[in-house]
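Read the structure below first, then the notes.
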Amino acid sequence: MAGLLPLFRGSGFDPALGAFFGLRRSAALDNIYQRGVIAVLAAVGGLLVGFLAAVMDRFFGLPGLVLWMLASGALGLAGSRWARKASAV
């Protein structure tokens with residue numbers, strides 16, 4: 001049971017962080033429904049990233065988590081730049 005405790009903590013923290021950043025990134029939208037949908041999608045994405053990080057931890061240990069963190073950060077930056085470029089059109 002002690003091995004599952006970090007997974008349960010992460011599965012609560014990741015969606016909350018994803019929803020926060022989803023709401024923050026969609027603050028320019030006037031439609032509250034669209035902001036909510038973006039926040040929910042970001043929360044689900046955060047949950048999926050957390051579960052995949054648990055798999056990386058189980059199979060590759062700390063080096064796998066560092067690799068996962070770098071890959072997630074690179075994809076997040078690329079996605080953010082893509083969204084900013086698309087919103088400038």
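For clarity, every value in this text was computed on a predicted model and none was experimentally measured.
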hydrophobic_cluster_shared for M69 and L52, side chain cutoff 4.5 Å
no
Would you indicate whether the side-chain heavy atoms of V55 and F51 approach each other to under 4.5 Å?
no
Could you tell me the separation between the CD1 atom of I32 and the CG atom of L23, rounded to the nearest 0.5 Å?
7.5 Å
Does one hydrophobic cluster hold both L41 and Y33, with members joined at side-chain heavy-atom distances below 4.5 Å?
yes
Side chain to side chain donor-acceptor pair (under 3.5 Å) partners for R35, two or more places apart
none
Grouping I, L, V, M, F, W and Y whenever their side-chain heavy atoms are under 4.5 Å apart, do F59 and W68 come out in a common cluster?
yes
Scanning both residues in full, the closest heavy-atom pair of S26 with I38 reads CB-CD1, 3.8 Å
Gap separating the CG atom of L62 from the CG atom of L67, nearest 0.5 angstrom
11.5 Å
Minimum heavy-atom separation for S72 and V49, please, with both atom names.
OG-CG1, 4.3 Å
For the student: nearest non-hydrogen atoms of G18 and A42, plus distance
O-CB, 3.0 Å
